[in-house]
Protein chains: 2
Amino acid sequence: MLAIGTLAKRTGTKVQTIRYYEQIGLLPEPGRTEGGQRRYGNADLDRLAFIRHARQLGFTLEAIRELLNLSDNPSRSCAEVDVIAHRQLKEVEARIARLEALRTELKRMLRECSRETISDCRVLEVLRDHGACLADHQTGA
Amino acid sequence: MLAIGTLAKRTGTKVQTIRYYEQIGLLPEPGRTEGGQRRYGNADLDRLAFIRHARQLGFTLEAIRELLNLSDNPSRSCAEVDVIAHRQLKEVEARIARLEALRTELKRMLRECSRETISDCRVLEVLRDHGACLADHQTGA
DNA sequence: CTACAAGCTACAGTAGGTAGAGGTTCAAGC
DNA sequence: GCTTGAACCTCTACCTACTGTAGCTTGTAG
Ligand SMILES: [Zn+2]
Ligand SMILES: [Zn+2]
Ligand SMILES: [Zn+2]
Ligand SMILES: [Zn+2]
């Protein structure tokens, strides 16, 4: 049985985060020592490793909760799992698209600035006036 | 003079957001009617438009606060402004790089899944084991 | 048997807002 | 001049996904 600190080290998680996951019901309440300290088994280790890995791939805790629920019935079709992963992929792609538009505009602002005074700084000029801006953040996205 | 709702419409901001910006000192306290309602002038309109546009380009409220302070002395060099914009560009580029790694891995997971049962779902398999994953999220980034 | 690291609970704070309750004011229409 | 109701007001709580602190207790190595 592992103490919370050991579990934390093995999974690269902060101790508080583990207690937080328990609080929101993502990790089950573990057994306790007589003195009240948490003790974890290998199932907890696997579950937490799964959560952390999914977090690193950008899944929300809600999505992870669904994935964990689904993985409890091994004989079911994985269609729902794939739907969640696909949704996550779309989410990531949308964020990339948005960030690429920002990158383009930021680069342009900086390229066009003549590095003189504040009063003719191109960066501030663009920020003051979306008309001088080529990004399409006004219309959706 | 504009009521808060009019200002909100003209800048595409929620009324609560305007009050929030005032609360954190990003917008100055405006004049009030006898009954206590806020009334705004054109300077407020410009300042809020600047804030919203900078937000759309991904600047944090802290960065925006600095930009607004800098833009108050028109004769100074714009070097500091450009540093902030450059920092923001780097930030955006870092996020893009990270998201692209996630995108690649999510796509791969989905491509490799044979869409049968949960027990052999490739998506869950990869989530359970970073060894089966090609993303480099463990090491930094 | 004693230190003290590590555990415990409870609460506050982060960014950047958003939502609602419950009460007041403004302005248009009659 | 009076009524009505949309818009305003303050205050509080909530969102995600944690992180940090205070003050106290427990476990374990030497
Ligand atoms: Zn400049
Ligand atoms: Zn723009
Ligand atoms: Zn699958
Ligand atoms: Zn991985």
Side-chain angles (χ1 to χ4, degrees), chain A residues 1-27 29-40 44 47-48 50-68 87-88 91-92 95 98-99 102 137, chain B residues 1-27 29-40 44 47-48 50-68 84 87-88 91-92 95 98 102 137:
Chain A
M1 300 302 260
L2 311 170
I4 197 169
T6 314
L7 184 66
K9 254 173 220 149
R10 296 242 186 122
T11 56
T13 315
K14 295 254 161 84
V15 166
Q16 296 101 307
T17 303
I18 297 176
R19 289 197 283 245
Y20 170 71
Y21 288 162
E22 178 186 331
Q23 194 190 310
I24 62 168
L26 208 56
L27 284 176
E29 291 186 25
R32 302 260 187 163
T33 63
E34 293 204 355
Q37 298 196 0
R38 292 167 178 83
R39 289 297 180 264
Y40 296 93
D44 298 304
R47 191 176 175 95
L48 181 54
F50 181 97
I51 294 170
R52 295 308 292 173
H53 195 207
R55 283 295 297 136
Q56 285 176 332
L57 285 164
F59 288 89
T60 64
L61 293 181
E62 261 333 287
I64 294 169
R65 197 189 294 273
E66 288 182 69
L67 289 171
L68 285 166
R87 199 205 298 152
Q88 173 63 12
E91 180 66 34
V92 166
R95 282 200 272 161
R98 177 168 153 70
L99 288 170
L102 302 194
H137 43 225
Chain B
M1 300 300 262
L2 311 170
I4 196 169
T6 315
L7 184 66
K9 255 173 221 150
R10 296 241 187 124
T11 57
T13 315
K14 295 253 162 86
V15 165
Q16 297 103 304
T17 303
I18 297 175
R19 290 197 281 245
Y20 170 70
Y21 287 162
E22 178 186 331
Q23 195 190 312
I24 63 169
L26 207 56
L27 284 177
E29 289 186 26
R32 301 261 187 162
T33 63
E34 293 203 356
Q37 298 196 358
R38 293 167 178 82
R39 287 299 179 263
Y40 296 93
D44 298 303
R47 191 177 175 95
L48 182 54
F50 182 98
I51 294 170
R52 293 311 291 175
H53 195 207
R55 283 295 296 136
Q56 284 175 332
L57 286 163
F59 288 89
T60 65
L61 293 181
E62 260 334 287
I64 293 169
R65 198 190 294 274
E66 288 182 70
L67 289 171
L68 285 166
I84 293 169
R87 199 203 300 151
Q88 173 62 13
E91 179 66 35
V92 166
R95 281 200 272 160
R98 177 167 153 69
L102 301 194
H137 44 224

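Letters A, B, ... are given to chains in the order of the sequence lines, protein chains preceding strands, and every chain is numbered from 1. The figures that follow rest on heavy atoms only: side chains count, while hydrogens, waters and symmetry mates do not. No experiment lies behind these values; they were computed from the predicted model shown.
- One can place CD of Q56(B) at 15 Å from P of dG16(C), the figure rounded to the nearest angstrom.
- Side-chain contact between T33(A) and R39(A) is present, with at least one heavy-atom pair separated by less than 4.5 Å.
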If a pair means Watson-Crick or G-U wobble with both distances below 3.5 Å, what does DNA chain D look like in dot-bracket form, with | marking bases paired to a different strand?
||||||||||||||||||||||||||||||

Tabulate below the donor-acceptor pairs under 3.5 Å that side-chain atoms of residues 16-23 of chain A make, not counting sequence neighbours, or state none.
residue: Y21(A); atom: OH; partner: R52(A); partner atom: NH1; Å: 2.7
residue: E22(A); atom: OE1; partner: R38(A); partner atom: NE; Å: 2.7

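- Put simply, the side chain of L27(A) reaches to within 4.5 Å of the side chain of I51(A), judged on heavy atoms.
- Residue T17(A) has a polar side-chain atom (N or O) positioned under 4.0 Å from OP1 or OP2 of dT19(D).
- Closest to the side chain of A3(A), out of dC9(D), dG7(C), dA17(D), is dG7(C).
- Using a 4.5 Å heavy-atom threshold, the side chains of L102(A) and Q56(B) count as separate.
- Nearest-nucleotide assignment on DNA chain D puts the 5′-proximal partner with Y21(A), out of Q37(A) and Y21(A).
- In this structure, V92(A) and L57(A) have side chains that are not in contact, with every pair of non-hydrogen atoms separated by 4.5 Å or more.
- Proximity note for T60(A) (side chain, C-beta onward) versus dC26(C), dC9(D), dA17(D): the nearest is dA17(D).
- Taking atom CG of residue L61(B) and atom P of nucleotide dT14(C), one finds them 13 Å apart after rounding to whole Å.
- Within the 4.0 angstrom heavy-atom criterion, no nucleotide atom of any strand lies near R65(A).
- Here the side chain of Q16(A) is nearest to one of dT18(C), dT21(D), dC8(C), namely dT21(D).
- The distance from atom CD1 of I18(A) to atom P of dT9(C) is 13 Å, rounded to the nearest whole Å.
- Of the candidates dT19(D), dT26(D), dG17(C), dG17(C) carries the atom nearest the Y20(B) side chain, counting heavy atoms from C-beta on.
- Here the side chains of R87(B) and I84(B) are in contact, with some heavy-atom distance below 4.5 Å.
- Minimum atom distance to the side chain of K14(A) is reached by dT19(D), of the listed dT19(D), dG7(C), dG17(C).
- Here dG17(C) presents its P atom at 9 Å from CG of L26(B), a figure rounded to the nearest Å.
- Looking at residues two or more places apart in sequence or on another chain, you find a side chain to side chain donor-acceptor pair (under 3.5 Å) between R65(A) and E62(A).
- Going from atom CG of L7(A) over to atom P of dG7(C) covers 10 Å, rounded to whole Å.
- Here the C1' atom of nucleotide dG17(C) and the CD atom of E62(B) are 15 Å apart, to the nearest Å.
- Considering only the side chain of R55(B), dG17(C) comes nearest among dG17(C), dA17(D), dT25(C).
- Contact annotation: T33(A) side-chain N/O to dT26(D) OP1/OP2 distance is not under 4.0 Å.
- The phosphate of dT9(C) (OP1 or OP2) has a side-chain N or O of R32(A) nearer than 4.0 angstrom.
- For dT9(C), one of the phosphate oxygens OP1 or OP2 lies less than 4.0 angstrom from a side-chain nitrogen or oxygen of R38(A).
- With L7(B) as reference, L48(B) is the one residue of L48(B), V15(B), T13(B) to meet the side-chain contact (heavy atoms from CB on, under 4.5 Å) rule.
- Between R39(A) and R39(B), the residue anchored nearer the 5' end of DNA chain C, judged by the nucleotide with its closest heavy atom, is R39(A).
- Between G36(B) and R52(B), it is R52(B) whose nearest contact on DNA chain C lies nearer the 5' terminus.
- One interatomic measurement links the two molecules: CZ of F59(A) to P of dT16(D), which rounds to 18 Å at whole-angstrom precision.
- Comparing dC18(D), dG7(C), dA27(C) by their nearest atom to the side chain of R19(A) picks out dG7(C).
- Take the nearest nucleotide of DNA chain D for I4(B) and for Q23(B): the residue whose nucleotide is more 5' is I4(B).
- Between the P atom of dC11(D) and the CD atom of E22(B) lies a distance of 12 Å, rounded to the nearest Å.
- In this structure, R55(B) and T60(B) approach most closely via the heavy-atom pair NH1-CA, 4.0 Å.
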